[in-house]
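Take a look at the structure set out below.
Note that ligands are numbered from 1 as they come in the structure, with each ligand's atoms numbered from 1 the same way. The first residue of the sequence shown is numbered 1, and numbering continues consecutively from there.
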Amino acid sequence: MPIIVHPNTQTFHLTNQTISYIFAVAPDGQLEHLYLGAKLHDREDYAYLTRRQLLGEQTASAFDQAVSPENQLFEYPEFGSGDMRLPAYQIQQENGSHISQFRYVDYQLTAGKPVLAGLPATYVDDPSEANTLTVHLRDELIATDLFLSYTLYENRPVITRSARFESQATTPLTLTEATSLTVDLPEQDYTMTTLVGAWAKERQINRHPLTTGIHSIGSMRGHSSAQYNPFVALAEPTATEHSGNVLGVTLLYSGNFQASVEADPYGGTRVKFGIHPHQFACRLDLEHRFQTPEAVMVIAQNGYNQMSQTFHQLFEQRLVRGPWRQKPRPILLNNWEGTYFDFNEDKLVALAEAGQKVGVELFVLDDGWFGKRDNDWAGLGDWQANLAKLPHGIKGLAERINALGMQFGLWFEPEMVNPDSDLYRAHPDWVLATPNREMSLSRHQYVLDFSKPEVVQAIGDQMLAVLDAANISYVKWDMNRSLTEVFSQGGAAADQGMVSHRYVLGVYALYERLRTAHPEILFESCASGGARFDASMLYYAPQAWTSDDTDAMERLKIQYGTSMLYPISSMGSHVSAVPNQQLGRTTPLATRAAVAYFGTFGYELDLTHLPEQELAELSRQVAFMKQHRQLLQFGTFYRLRSPFTGEHTSWMVVAKDQQSAIVGDYTRIGVVDPRTSALKLVGLDPDTNYRVNGKDAYYGSELMNAGIPITPLINAEHPADFSARVWVLERDSARLGGEH
Ligand code: GLA
C-alpha cells in the first residue's frame, strides 16, 4: 500500500520503493509537513519530526501558546496568523479581511490518478501505476472547501500535487493567490538551480548557493517565457550530475507563473510554485470552483542526471499522449531559414525534392502561406492560403509533396492577429485591449483574446478547414509575442482577474480540439523559438522548437540546459546554413549535425544551393539519424561535461538494455594539449564489451573508469575549434554500427 494512513495519529505516509513524503494533521487542524526524501520505515507517529518551538519574539499560535507557526512546517500555509513566510494562497473577503483558516475534515484515497478537467496533467495507463490522496479542509466562516491532491507514482520518485477550492459563498470572495504546491524543508543548505534566458539563449543553467531571503522567478508575460522556465531545483551542495539528493519541481502550466524559494532566518526553506498572483483574481462566489494547475516534484537521490532522467521518462511516457508517444520523430526540412517569406509553390517543391533526395521524410511550410502575408506586417488571423503564391492551395501543395513520398507539415500562429488582416477589420473587439488605452504592438501583431470561447472557436474553425481539406501530418504552432494590456473587451470587471488564466485554458482547449479531430498529427509548439517550452505543452505537442538560435555552439548550451527537465525527443533541433543567421558564425556541417542528432533532427536551409559534396554528407547524416533515432531520442540521457563551465561539452544516451550507447563530444575553442585525455562514460554495463564506431572494443568497466581516449586528430583540415565527435557504442557481438 503506497499511501499509508495512520488514523490514530492522522498521519499520511506516501511511500514507494525509493521515497517517502509524510505529513500529519496538527492539533489545530492544519496539515503539518514532516518529511520528504529517501524512503523511511513506516511508523505510526512521526511527532519527533515536527518543528513547533516558539523562539524569542515570535507570535504564538492562537491554538497553543507554546507553538510558533513561523517555525512549523506546513503543507499549504495560510498567512496572517503567525506564519510570516510566503503563503500558499490568499482570499480576500467582503469585509476586507484576508485571514482564512482551513482545517482538516477528511481524506479520500483512490487508485490511479483523476484527470484535471481542462488542464494538462500527467496520467496513468493503469490505476495500479499510482495512488492519489485527496485531503479535504474547510474554512467554515467563508463557506469554502479546499482539496489538496497528492499522486504518488508506484515506480518513479515522483509526486504530483494540485489544489482545488470549492465555495458556497454568496458574498464577494476573491481568491487572489492559489499555488499548486508548497514544500517546507527543515534545512537550508542547498544549491538552487533555475533555467534563465532570453530570446535565442533560452534555458541557460543558473546555479548558486541558497542564501537567506526570497529567491523568485516567474513570468507575467502570459506565457511561460524564455526568460524564466517554470523549473526550480534544490540540491545538497555536494550533489553532482551523478550523486546526491536533488529535489526538482515544475509546473504544468503555460501562463503566468511564480516559483519562489524562501530561505528563512530560522534555517528553514519554503518552496512554492503556482500561477503568478500578479493581477490574478478569481471570484469564488461567482465561479464556485478553482482548480490549480498540477505541480510535479521529483525526489532524486543520485544527482541531477537522475532528476532529469526521471522527468524525461515521466514526460515521455505519461504526459505526451497519442500515437507519437515514444515514437521516433520524422526527419524534417523546414523552409523558414531557407526562404523566409520569399517562396512560391514551385520553389517549395524544388526545395522538398532536394530534401527527398537526401532522405528527409517531412517537408514543413513555415510562415507566409496565408492571407496577405508577404512580410510580418499583415495576414495573421486569415488562415486561408495565399493563392498568388500557392495557386493550388495547401491541398495542391500537400499533394505534390506527398507525391515525392514525403509528409507535409504547416505553420500556424493561432493566437495572433495583425491589424492589417480581414479578421481584425471584422472583429476589432477580439483582441486583448484595455479600454481607452494605447495598444502595444509586438512584431506588428496583437494578441487575440483567447479567454473568449467564440474567438477560440472561430480560429479553430479556420484551422480545421485547412487541416480537414489537405493531407497534413505535422503542425508547428507558433506564438510570437507576450500579452499586454490584458483585458477582455466587453467583459465584466469581476472577470478581468481571470483573463490571463482563461487565455491559457483557451489555448489548451484549441489544442485539444485539433488533436481530437486529427490525432495522427504531430504538433510542434514554438514561441519565437523557446518562449513557451514548458511541460504542459508536451501534453498537446510532443515536441517544441527549442530556440531560434540554430548556431551549433550556442545550441550546445541551450540543449544542455533544456535537458535539465525536458526529454531529447521534445527538442526541435535543426541543421541550418552558415554563416549562422543569428551569430554570423561558421561551424562545420558535421558539428551542426552532431549537435542536432540529440533532438528531433531536421534541416532548415536552402538545400537547392548546396554543393554535391555537402548533399552527400547530408545523405549520410540522415541515414545515421534513421538508424539511431530510437536510441538518440528515447535512450537514457546523461550530461557529462557542461558548456557552462568550460570549452568542452559531452553527453551521451544509453539504450535501456545497455547494449548500445551514443556519445556526443564537442569542443568550442581548442587548446594545445599534448597529453592524451580520456572521457569517462557512465550508465554502461561494466561487463559488456562495446565496439566503438565499429573499430576497437572496450568493456563498459574500461569506458566508465578509465575513459574513452579523446585525443583528436587536429590539423588544418580538422581544426579543434567548433569540432565534434560522435561515438556509437554497440555490444561486440551485436550488429556493428556504421562508422560515423
Ligand atoms: C518564429 C519562429 C520561427 C519561424 C518564424 C516565422 O520566430 O520561432 O521558427 O517560424 O517565427 O515567422
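Considering each of W336, W545, F412, the one bringing a non-hydrogen atom nearest atom 5 (C) of ligand 1 is W336.
When heavy-atom distances to ligand 1 are checked against a 4.0 Å cut-off, C526 comes that close only through its side chain, counted from C-beta outward. Residue contacts with ligand 1, taken as heavy atom pairs separated by less than 4.0 Å, involve D478 solely via side-chain atoms from C-beta onward. Contact annotation: for N334 versus ligand 1, there are no heavy atoms closer than 4.0 Å. Contacts between R443 and ligand 1 below 4.0 angstrom, taking non-hydrogen atoms only, involve the side chain exclusively. Contacts between K476 and ligand 1, counted as non-hydrogen atom pairs separated by less than 4.0 Å, involve the side chain only.
In this structure, R207 satisfies the cation-pi test against Y304, with its NZ or CZ atom closer than 6.0 Å to the six-membered ring centre and inside 45 degrees of the ring normal.
The existence of a salt bridge linking D346 and R400 is confirmed by a sub-4.0 Å separation between a basic side-chain nitrogen and an acidic carboxylate oxygen. Taking a cutoff of 4.0 Å between a charged side-chain nitrogen and a carboxylate oxygen, E524 and R329 do not qualify as a salt bridge. The pair R620-E614 does not meet the salt-bridge criterion, since no charged nitrogen lies less than 4.0 angstrom from a carboxylate oxygen. Electrostatic pairing of K372 and D420 does not count as a salt bridge here, judged by no charged N lying under 4.0 Å from a carboxylate O.
The atoms of ligand 1 that sit less than 4.0 Å from any heavy atom of G529 are 8 (O). Shown in contact with D367 at under 4.0 Å from a heavy atom are these atoms of ligand 1, numbered in order with element: 6 (C), 12 (O).
Nearest protein heavy-atom contact of atom 8 (O) of ligand 1 is D548 OD1, 2.5 Å. In this structure, the protein non-hydrogen atom closest to atom 4 (C) of ligand 1 is D366 OD1, 3.4 Å.
For ligand 1, the polar-atom distance check finds no N/O of E604 at less than 3.5 Å from any of the ligand's N/O atoms.
Looking at H276 and S219, their side chains never bring a donor and an acceptor atom within 3.5 Å of each other. Residues D366 and N335 bring no donor and acceptor atom of their side chains to less than 3.5 Å of each other. No hydrogens or angles considered: nothing links the side chains of S254 and R532 as a donor-acceptor pair under 3.5 Å.
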